[in-house]
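FYI, side chains are in, hydrogens and waters are out, and symmetry mates aren't considered; it's all heavy atoms of this structure. Note on naming: letters A, B, ... go to the chains in the order of the sequence lines (proteins, then strands), and numbering restarts at 1 for each one.
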Protein chains: 2
Amino acid sequence: MAVTFSPGPSQLYFTVEDHTRSAFKLGVPSLSHRSPEFEKIYQHTQESLRALLNIPSSHHIFFAGSATEIWERLIQNLVEEKSAHYVNGAFSEKFFKASQQLNRQAQEIRVADGSGFNEPALLDVELIGVTHNETSTGVMLPKEFIYGLKAKNPKALLCVDAVSALPYADFDYTKIDSVYFSVQKGFGMPPGLGVWIVNDACIAKANAMLAKGLSIGTHHTLPFYLKNGLKNQTPETPNSVAIYVLGKVAEDMLRRGIDTIRKETEYKAVVLYNELKQHALMQPFVVEKQYQSPTVIIANTGTQTQALADYLSKKGMEAGEGYGQHKGTQLRFANFPAHSKEQYELLVDYLKAF
Amino acid sequence: MAVTFSPGPSQLYFTVEDHTRSAFKLGVPSLSHRSPEFEKIYQHTQESLRALLNIPSSHHIFFAGSATEIWERLIQNLVEEKSAHYVNGAFSEKFFKASQQLNRQAQEIRVADGSGFNEPALLDVELIGVTHNETSTGVMLPKEFIYGLKAKNPKALLCVDAVSALPYADFDYTKIDSVYFSVQKGFGMPPGLGVWIVNDACIAKANAMLAKGLSIGTHHTLPFYLKNGLKNQTPETPNSVAIYVLGKVAEDMLRRGIDTIRKETEYKAVVLYNELKQHALMQPFVVEKQYQSPTVIIANTGTQTQALADYLSKKGMEAGEGYGQHKGTQLRFANFPAHSKEQYELLVDYLKAF
C-alpha cells in the first residue's frame, strides 16, 4: 500500500494494526470501562504517555473524542468571559471561533498564513490559546515564545495545541497549563481519540466556575474527568480500543527511544527542506527558518501541484493536499515517527528527478 | 473466548473483527474525512442504517462520540429553558442531570427502578426525554406510550434513548423527533461511536436558538452536522473505522433479515424469562410483563449472585453485573443480535442445572 504523507489522518505507525488485532484477541472491545481489566489498560496508557512525553505528576491526562472537542471543553471549563488566540492558520482560527460560538469575548492576534509569532503580548484574558504547530500552514512556533507567554501572563491559563507536534515536541510542561493532541497525527493511529493534558490550575478554574453556578458542561468537565481518572476510569464508555493501542504505541516509541525519534524527525526535515530550497519548481512555503515546522513541511508547488502529486502517487507516495485556499498550489508532507528515514530519502530522490 | 452477556460493551457481532481487519486493509484509518473515499463510506453507512432501521428521509443521521455526549448535545441544541425527563433508572436519570448541569429547568417524572410508564402526561417543556429501554433496570417502555407522549405534546421535541433497544426496536420515526444509540450494545461493536437521528424540527429549533444569539455549542451543533452531512462528511475528523464497520454490520444484519433478528430476539427472551419465572433461586426483576425488556433481561439472584456468576463463568458465559445498588443481588443478560439462539438455550440449560 502507498505511504501517505498527508498530515492527518496520516500514515499508520508500524505496530498499530498488530496492536488492534491484539486488542480484539484480548477482548478489549467487550470490556466494561468500570472493570479492573480496563483500569489496568487506562493506567498503562497513562504511564506510557507520561514516560514518553515526560509529563510531570502536576499534570493530568484525559481522553476526549477529538482535539476539536477539546477546543470546546477548554472554553467551557476555563473561560468565564475572555480568551485570546494566536491565529496563524485554519486550526488556530477554529479554536478562536469556538470561543465566539460559546459566546465568550474572544480576542484574536493574527498574522498571515505561513508566518508566526515571537513576541509575547500582555493579555487581559483568562485563557491564551496558541498552536505550537499549525497543520494548515506548516508553522511551528518557538517554544521560548510559548513559555514567554506564560511568563508575561502568569494568571492566564496557557493552552497549547500540539496536534501535529507530538511526540516530537519536547515541552517543559511546568510552563504550560494545558496541552492537547489527537492520535491520528504523530502517533500514527486511526482517528477517534483526543488527549487532553491539564494541570491543577485548570481543575481549580473549572471548580471555581462551577461554584459560581456557571455551567461547564456535562460528562467532559474537568472535575468529572478527575473524579473518574483517579480510579483509572473515563466519564463515559470510551473508545477503549484506541486507549489500549495508544498505550502500546507509546510503549513501542519508548523502546525505540524518544531521542532517536526526535533526531530522526530533524534529520528527515533537513533533508526535505534542503531539497525544497534547491528545487527549481518548488520552495518551502514557510520562509522564516525559525518557524519552519519539522513535522509538517509545506511546499509551494504552484502550477506543478497536480502533476507532482500524480507523479508521487505513481511512485507509491501520497502527498497531502494544501489546506483550504492553498489546495491547488501547495503540497504538505507530514514528518511523523511512522515515516522512515528511507522513505524520506526516497521522497527527496523522487523530487529531484521530477 | 467466553461469551459475554454484559449489556455493553457487549459481545461483538460475528463479523466485526473481520470488518475491522478489512478497514485496515482498505486504508480507512489513514483516509482524509474530506476525501471522496470517506464520503462513500459515510454514505454507505447512512444508507445501510436507514434500510435496516427503516429511517425515513425526514430524519438525518449524525455521529458523535457516545450516547452520553448526545444527551449533552440534545439539551444544548434543543432546549432554551425547559426539559422533562421520564426517569426509571440510572441512564434516564443521567440525561435529566445533564439538563440540570447545563442550567436548564429540568423536570423529572420518576418511578421506582424496575417499573415503567404508560400514561403520557401533558408537559409544558421544549424537550421530552424518554428511555425506550433502561439498560440499568431491564425495563422497556411500550412504544404506544412513547407515541402517546408526542400526540399529547405535539410542540415538544420527543427524544428517545434507544441505546440498548436497537436494532430490535421497530420505531415509527414519524412519531419521534430524535432517536439515539451507541454501537457497543445491539450492534455488537467496540465502543467509541454514538448515532444521533434527528428530524427537521430539531434542526429548526437549533437554528432558532442560534438566531436568538444563544450558544448551541461548537462543532457538534445540528446546523453544522447538517452542513457537513449533506456532503457525506462529519464536522471533525471522526472515528472513521467505526463508521465503516457500522455500515458493514448494518449490511450484514440486513442480509440476515431484520425480521429474523427481531423474531430471534423475542424467542430468546421468552426462553430466558420462562426459565427465570420457574427457577427456585431467581426471578425476573421486572414484574410487569408490559415492561419486561426483550433486549436486557435482569434476574434477581439475591444471595446466589456471586455463586451463579462464577458458575456461568466456568461454563464460558459472563453474565452482566447488576447496575449500581443492584450490583450484588442481580445479574443482567443482554439479548442482542450477537447472542445466538443456541447460546441462549445453553444458558437456560445451565441455569436449570444450577
Greatest number of heavy atom pairs closer than 4.5 Å to chain B - which of [options]:
options                              : answer
A:Gly217, A:Ser66, A:Pro235, A:Ser10 : A:Gly217
A:Val241, A:Leu12, A:Thr4, A:Leu210  : A:Leu12
A:Ala64, A:Ala242, A:Gly192          : A:Gly192

Q.
Between B:Ser6 and chain A, with a heavy-atom cut-off of 4.5 Å, which part of the residue counts as in contact: side chain, backbone, both or neither?
A.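 Neither the backbone nor the side chain of B:Ser6 comes within 4.5 Å of chain A.
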Q: Mind listing the closest non-hydrogen atom pair of B:His219 and A:Glu69 along with its distance?
A: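 The answer is CE1-CA, 3.6 Å.
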Q: State, to 0.1 Å, how close B:Pro191 and A:Pro29 come at their nearest heavy-atom pair, and which atoms those are.
A: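 For B:Pro191 versus A:Pro29, the nearest heavy atoms are CD-O, 3.3 Å.
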Q | Validation row: B:Leu31, A:Pro9 side chains within 4.5 angstrom (heavy atoms) | A |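 When only atoms from C-beta onward are counted, A:Pro9 and B:Leu31 do not touch, as no gap falls below 4.5 Å.
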Q: Using a 4.5 Å cut-off on heavy atoms from C-beta on, say whether the side chain of A:Thr20 contacts that of B:Phe24.
A: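 They are in contact (side-chain heavy atoms under 4.5 Å apart), so the answer is yes.
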(Q) For the NZ atom on A:Lys231, are there more than 12 heavy atoms of other groups (residues, nucleotides or ligands in this structure) within a distance under 6.0 Å? (A)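 It does: A:Lys231 NZ has more than 12 such atoms within range.
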Q | side-chain hydrogen bond (donor to acceptor under 3.5 Å, both in side chains) between A:Glu236 and B:Thr68, worked out | A | CA-CA 7 Å; A:Glu236 83 290 15; B:Thr68 302; over 6 Å; no
For the atom pair [atom1] ([X]) and [atom2] ([Y]), what is the distance rounded to the nearest 0.5 Å?
X        : Y        : atom1 : atom2 : value
A:Gln184 : B:His33  : CD    : NE2   : 8.5 Å
A:Leu193 : B:Thr237 : CG    : OG1   : 12.5 Å
B:Ser30  : A:Glu318 : OG    : CD    : 11.0 Å
A:Gln76  : B:Thr218 : CD    : OG1   : 7.5 Å

Q: Mind ranking B:Met189, B:Glu72, B:Gln11 by heavy-atom pairs under 4.5 Å with chain A and telling me who comes out on top?
A: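 Going by pairs under 4.5 Å, I would pick B:Glu72.
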**Q.** For chain A, the option from B:Gly65, B:Ser32, B:Pro190, B:Ser182 that forms the most heavy-atom pairs under 4.5 Å
**A.**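 Max contact count across the listed options: B:Pro190.
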Which bit of [X] comes within less than 4.5 Å of chain B, counting heavy atoms only: side chain, backbone, both or neither?
X        : result
A:Arg73  : side chain
A:Leu214 : backbone
A:Ser240 : both

Q: Could you tell me which residues satisfy salt bridge (charged side-chain N to carboxylate O under 4.0 Å, His left out) with B:Arg34, sequence neighbours excluded, listed by chain and number?
A: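 Partners of B:Arg34 under the salt bridge (charged side-chain N to carboxylate O under 4.0 Å, His left out) test: none.
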Q) What are the residues of residues 94-102 of chain A, in order of number, with any heavy atom under 4.5 angstrom from a heavy atom of chain B? A)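 Contacts with chain B: A:Ala98, A:Gln101, A:Leu102.
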